[in-house]
Amino acid sequence: MAVERTNRDIRTLIGQIADGEIMLPEIQRGYVWKASQVAKLVESMYLGYPAGTLLLWKTDEGAETRSAATGAGQGLPSVMPLYLLDGQQRLTSLYRVFNDHPTAQIVFNIETEAFQNQSNATLRSSKWIKVYDVVGPHADSFALQTELRSAGLSIDGAEIGRRLRALEVISQRDFHMEVLHGFSYEEVTQIFVRVNSGGRPLKTTDLAMATLSARSPGFLRELEEESTRWAERGYRAIDVNFLIKAITLSLSISGKRTSSVSRLTTASPESVREGWERVRRGLERVVPLLSERLLVPTTALIPSVTALHPLIAFYGRLPTRAVVDAEVEKGLLYWFLAASGSNRYGGATDSALTQDINALDSDEPVRTLLANLRLDEKGYRVCARDLSGRNIQSPYFMLSYLAAAHSGAEDWWAGGPISAASAGTDKLQYSMLHPAVQLRNHRNKYSSAEINELANIVFVSQQTAKNLIGNRPPAEYIKEVQTSDLAAHAVPTDPQVLEADGFREFLIARRTLLVERITALFDRFRPAFIDVRGASSPRSESLRKSLVLAGYAAGSRTLLLAEAQVGAQHWVGRIDTAELDAALDAAASGLDSDVTVAGEASPLQVDEDGVTLLVGPFKIRGTVDQWRGALKNALSDALPAADCPEAESPAWAGETEEFLLSDIGIQGT
């Protein structure tokens, strides 16, 4: 065994990727970098900063590979390829920039020497040039320099030329390479794990994937094919990480079930294979059950797909054609609705998930699962106050959609059942009943939280939103909708609430109607042993607490104000939106960051359950997508920065408690 040390310039490395002389082994993770990270890499190369070392493996063995995310196929190598162990994100990013990939349109400001991704603003400015136009194979630096000299820039021609040459030589920058010779696949896997643990933090599932690949080459390809199959049916969240977690939960190790993926690395290949077969059997039963009977068209609708795991484990244990008692099946769907509605897996999930998987071992699994939710005899109930302040990030979003679907709701423009997603996507279609344009700047001073409330959302197509609703108040367009369609969508028809003046009364009326529909949905699947007379609201015993995020803007600059209350204590702090946005980019890659909150550096931490940020009295937890949605919602109706309160509270000195992002804007009592 030996380690060869050498150097190679970027253009040569990119050519080797194109020719298939550098390939990705199966143990590699997917490409995850955002455009902002690519821009920072190119900027570092431009400034001459160290680019880091590449680690590759050379072997005579045939290794399982995965496709590089270059946007183009790789050629058939004329020599034995090198397998890239460390440096995938950097090399793939540079390949994309040098080949004009649509998601790597990095541009350079010739005056300020700043780098960013292409935008409408940079397209309109002569100060911004695309990096590809300087480093690409058809670059004409003389013509570009001539054009820039006539653009009226604040720098002279000599400086323009110097900066363009500095950009050109990026392709000549060397990477230091270490090439492993004579190492086995299993040894290389161990090296991969150790090396990558120092860069983007490896998640436990990444370690499990590497181990599985080393023990059973080709196994990860099976997982990817299974994931693709369900993604084509709208269940895109059933990805490789989800499947690995499901396999872990299907195992019984040392007589004790566990949700920790790390245990998968100690299981024998035979038990992993058996677990995989159980997972596939479970999916074959669960996806049709949810999509055809519960009418869940896409995993994008489900608050936390972790709730699928107990169902998959339950059905995976059964023989392929085993018949499940109708009452048991109803009870499982009832539990799924209740677990989703109560945000069972909205926070740290491992302990709850282990508890629910263990519940399947009992003589009455449905009753035990519901007992874990404290609903074994009382049942689940929603009341109007539970919907107050809720928006599309709330678990009640799914319940509202399903309530409409089971009520026979139809689209108001095209007719037929409500359409869950736009063509080619899994994002739900919906519209505001009271258009925002009618409510902003209204004399009643409606807040963004009120305008974006779930009670103002109706599940209709974009054609309905554009051609029927438009910017009209409900009082005008409601006459064009059949009464039965309005009832199915739980839309109040009292004339007093259909004008903008009565919007708050409209929200109150609609919450009541939505609760009736959601209650009917639960009744449809309620097990016989549930006594609805004793049902309780899931929030009836919660401590009074609230958190509201409000956006403020001055030109292109924005800020976020967090206003929190716990009992009688009140706290207000500003959040730097630019830092939060950059931190979310890093979080998507598994990296922790700091965000300025109320003038203090606050950690934004990433783990397998999501992303957590310390904001005053709360540790706010949510997925990256939920965070982005919350930020977008807060800034979509930003108030003038001059209206933002000046005073901020000092750092929170008391105890902090976890607050789910889905509860933003909610008052608890």
Side-chain angles (χ1 to χ4, degrees), residues 29-47 49-52 88-90 92-94 96-97 101 103-109 112-122 128 131 198-201 203 393 549-562 573-607 609-616 618-636 638 641 644 648 661 664:
R29 298 156 288 175
Y31 179 74
V32 297
W33 270 22
K34 303 294 183 182
S36 59
Q37 293 170 284
V38 180
K40 288 177 183 177
L41 172 65
V42 177
E43 181 181 33
S44 295
M45 307 295 288
Y46 172 80
L47 295 172
Y49 293 168
Q88 177 202 174
Q89 307 300 321
R90 287 169 288 157
T92 303
S93 296
L94 291 170
R96 289 178 165 211
V97 172
H101 192 281
T103 65
Q105 305 281 303
I106 306 303
V107 290
F108 172 68
N109 189 309
T112 65
E113 298 181 278
F115 290 83
Q116 69 170 68
N117 202 39
Q118 184 78 277
S119 68
N120 289 332
T122 62
W128 291 92
V131 173
R200 169 200 163 197
K203 297 179 181 178
Q393 304 295 330
L549 298 179
Y552 293 85
S556 60
R557 300 187 63 183
T558 60
L559 64 90
L560 202 61
L561 190 78
R574 297 184 182 187
I575 301 175
D576 188 304
T577 52
E579 287 185 7
L580 178 56
D581 193 50
L584 291 174
D585 279 347
S589 301
L591 299 175
D592 293 344
S593 305
D594 284 340
V595 177
T596 302
V597 179
E600 302 279 342
S602 183
L604 186 139
Q605 299 174 320
V606 186
D607 59 32
D609 293 324
V611 177
T612 303
L613 177 66
L614 189 65
V615 176
F618 299 124
K619 293 178 180 179
I620 310 176
R621 175 178 289 278
T623 65
V624 171
D625 287 342
Q626 284 177 328
W627 272 105
R628 291 198 187 283
L631 184 59
K632 181 180 179 181
N633 287 339
L635 297 177
S636 64
C644 183
E648 289 190 282
L661 199 60
I664 292 292

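Values below: every heavy atom of this structure, side chains too, minus hydrogens, waters and symmetry copies.
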Exercise for review: Taking the side chain as every heavy atom from C-beta outward, state whether E600 and D594 have any pair of such atoms under 4.5 Å apart.
Suggested key: no
Check your understanding: Can you tell if the side chain of T612 reaches within under 4.5 Å of the side chain of L604, non-hydrogen atoms only?
Key -> no
Revision key, fill the gap. By side-chain contact (heavy atoms from CB on, under 4.5 Å), S93 pairs with (sequence neighbours left out) Y31, W33, V38, L41
Practice item. Please name all residues satisfying side-chain contact (heavy atoms from CB on, under 4.5 Å) with Q605, sequence neighbours left out, ordered by chain then number. Key: D592, P603
Review point. To the nearest 0.5 Å, how far apart are NE2 in H101 and OG1 in T92?
Key: 10.0 Å
Practice item. Would you name the heavy atoms of T596 and E579 that are closest together and state the gap between them? Key: N-OE1, 2.6 Å
Review point. G573 and A598: which non-hydrogen atoms are nearest, and at how many Å?
Key: CA-CB, 3.9 Å
Practice item. Could you check if a side-chain atom of R574 sits within less than 4.5 angstrom of a side-chain atom of Y552, using non-hydrogen atoms only? Key: no
Point to revise | K632 with D581: basic N within carboxylate O range, under 4.0 Å | key: no
Review point. Taking atom CG of L580 and atom CG of L549, what is their separation to the nearest 0.5 Å?
Key: 9.0 Å
Exercise for review: Heavy atoms only: give me the nearest V611-W627 pair and the separation to one decimal.
Suggested key: O-NE1, 3.2 Å
Review point. Can you list the steps and then say if Q393 with D625 is a side chain to side chain contact (heavy atoms under 4.5 Å, CB included)?
Key: CA-CA 10 Å; Q393 304 295 330; D625 287 342; over 6 Å; no
Study note, to complete from the structure: Nearest heavy-atom contact between A35 and I106 is O-CD1, 3.9 Å
Review point. Hey, is the main chain of A39 close enough, under 3.5 Å, to the side chain of Q116 for a donor-acceptor pair?
Key: no
Practice item. Kindly indicate whether the side chain of V595, heavy atoms from C-beta on, has any atom under 4.5 Å from the side chain of I575. Key: yes
Review point. So do the side chains of S602 and V615 get within less than 4.5 Å of each other, counting heavy atoms only?
Key: no
Point to revise | Nearest-0.5 Å distance, CG of residue L584 to OG1 of residue T623 | key: 10.0 Å
Check your understanding: If we ignore angles and hydrogens, is there a donor and acceptor under 3.5 Å between the side chains of Q118 and T122?
Key -> yes
Revision key, fill the gap. Sorted by chain and number, sequence neighbours left out, side-chain contact (heavy atoms from CB on, under 4.5 Å) with E43 holds for L47, F115
Check your understanding: Atom NZ of K40 and atom NZ of K34: how far apart are they, to the nearest 0.5 Å?
Key -> 13.5 Å
Exercise for review: Enter the distance from Q37:CD to N117:CG here, rounded to the nearest 0.5 Å.
Suggested key: 12.0 Å
Check your understanding: If every non-hydrogen atom of A104 is compared with every non-hydrogen atom of R96, which pair is closest and at what distance?
Key -> CB-CB, 3.6 Å
